[in-house]
Amino acid sequence: MHKLKEAMDAVEIILVFVSSGGAKADKNLGEYAERALKMDKQFCSVAQKYCKLKHVVSLWQTISIQFGRQLVLKGQEPFEQLDKGFSAALTESHESELNRVLRSYDIDPLLGLMFEFIETHLRHSQSESEWPLIDTLQAFVDTHGISLGSKYFDQLGEVKLLNSQAVAVWKHIVVYQDKQRRGM
């Protein structure tokens, strides 16, 4: 987990510099980190070798999601700086219904969407914690042009979750996926 944290920190530094402009999108990530930013090799050599600067947001998201997963599986909080109004617990009924819905989902896209939604929307918006999660999530997807298919929203909408439960939903999905991978 320490290596994931180091990689995430390095990618966040690169992301800040790239977002300020001046770098070409097709420039090699490792070359940019070493030459332009004078950073030592601090993260995955495969990513440094094959990723371009245009991939840095996706790389950050991938590493951040994996780091968040590890935190959840170790019983730690993946969204420490988030308003606690979005961390309400799920009821047993919600968990049961969510499990039913998740059986028919490709989990990785949903996990990525929920992570991005929490990190970029709930953290920085005026969303009310008592608004329906599905409505806010659908508006987020529509605004950002993300395509997942209506099945994600039709079935998830049946669970009647609130924005206040967004973090608990993400954690539940992580644990559900881990159990599925381990055959439990």
Side-chain angles (χ1 to χ4, degrees), residues 1-74 76-83 86-87 105-127 133 136-153 156 163 166-167 169-171 173-178 181:
M1 192 150 90
H2 180 69
K3 286 196 176 277
L4 271 176
K5 179 67 173 143
E6 286 179 355
M8 190 168 63
D9 290 344
V11 171
E12 285 176 351
I13 290 167
I14 294 168
L15 188 58
V16 168
F17 280 96
V18 168
S19 66
S20 67
K24 296 192 186 295
D26 285 330
K27 188 165 187 81
N28 178 274
L29 182 66
E31 182 181 315
Y32 180 77
E34 289 178 34
R35 291 189 183 158
L37 301 180
K38 308 291 186 223
M39 294 173 72
D40 293 332
K41 291 188 177 194
Q42 294 186 12
F43 58 101
C44 180
S45 60
V46 174
Q48 286 184 323
K49 184 176 180 181
Y50 294 107
C51 288
K52 306 287 184 192
L53 292 181
K54 63 185 173 186
H55 303 128
V56 74
V57 172
S58 293
L59 182 60
W60 171 82
Q61 185 178 30
T62 301
I63 294 170
S64 296
I65 290 169
Q66 187 59 33
F67 186 69
R69 279 180 174 151
Q70 295 301 315
L71 288 174
V72 168
L73 296 175
K74 291 180 183 275
Q76 298 174 15
E77 183 55 49
F79 302 102
E80 287 181 336
Q81 306 299 321
L82 187 68
D83 181 332
F86 299 111
S87 298
Y105 276 32
D106 181 5
I107 301 291
D108 285 327
L110 180 62
L111 200 58
L113 172 66
M114 285 296 299
F115 184 86
E116 183 177 351
F117 172 72
I118 292 167
E119 281 293 333
T120 63
H121 185 74
L122 292 183
R123 184 179 300 280
H124 303 291
S125 77
Q126 300 298 319
S127 291
L133 177 62
T136 313
L137 190 58
Q138 180 71 59
F140 173 78
V141 165
D142 292 345
T143 301
H144 291 85
I146 300 169
S147 177
L148 283 177
S150 61
K151 135 181 154 166
Y152 276 93
F153 300 103
L156 195 56
N163 284 344
V167 171
V169 169
W170 195 81
K171 289 177 177 181
I173 295 169
V174 167
V175 171
Y176 176 88
Q177 185 181 48
D178 183 61
R181 286 181 175 165

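Using a 4.5 Å heavy-atom threshold, the side chains of L113 and L137 count as touching. The shortest distance between side-chain heavy atoms of I14 and M39 falls below 4.5 Å.
For the ring-ring contact (aromatic ring centres under 6.0 Å, His included) test with F79, the passing option among F117, F86, F115 is F115; the others fail.
Minimum heavy-atom separation, I173 to I107: CG2-CG2, 3.5 Å. Of all heavy-atom pairs between A166 and L133, the closest is CB-CD1, 4.1 Å. Contact between L71 and P78 at its shortest, heavy atoms only, is CD1-CA, 3.8 Å. Nearest heavy atom pair, residue S127 against residue L122, reads CB-CD2, 3.9 Å. What you find for I65 and W170 is that their closest heavy atoms are O-CH2, 4.0 Å. When every heavy atom of V167 is checked against every heavy atom of L82, the shortest pair comes out as CG2-CD2, 3.3 Å.
With rounding to the nearest 0.5 angstrom, the CG atom of L59 is 14.0 Å from the NZ atom of K52. A distance of 11.5 Å separates CG of L15 from CD of Q61, quoted to the nearest 0.5 Å. In this structure, F67 CZ and M8 CE are separated by 4.5 Å, a value rounded to the nearest 0.5 Å. Rounded to the nearest 0.5 Å, atoms SG (C51) and NZ (K27) are 15.0 Å apart. Atom CD of residue E31 and atom CG of residue L53 lie 9.0 Å apart, to the nearest 0.5 angstrom. Here the CD atom belonging to E119 is positioned 10.0 Å from the CD atom belonging to Q81, to the nearest 0.5 angstrom.
A donor-acceptor pair under 3.5 Å links the side-chain atoms of Y105 to the main chain of L156, judged by distance alone.
Within 6.0 Å of CZ on F17 lie no more than 12 heavy atoms contributed by other residues, nucleotides or ligands. Within 6.0 Å of CZ on R123 lie more than 12 heavy atoms contributed by other residues, nucleotides or ligands.
Evaluation of the salt bridge (Lys or Arg N to Asp or Glu O under 4.0 Å) rule for D26 yields K54 as partners, not counting sequence neighbours. Scanning for salt bridge (Lys or Arg N to Asp or Glu O under 4.0 Å) contacts around E77 gives K171, with sequence neighbours left out. For Q177, the side-chain hydrogen bond (donor to acceptor under 3.5 Å, both in side chains) partners two or more places apart in sequence, or in a different chain, are R69, D108.
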**OP:** Could you go through the side-chain contact (heavy atoms from CB on, under 4.5 Å) check for V57 and V18 one step at a time?
**Re:** CA-CA 10 Å; V57 172; V18 168; over 6 Å; no
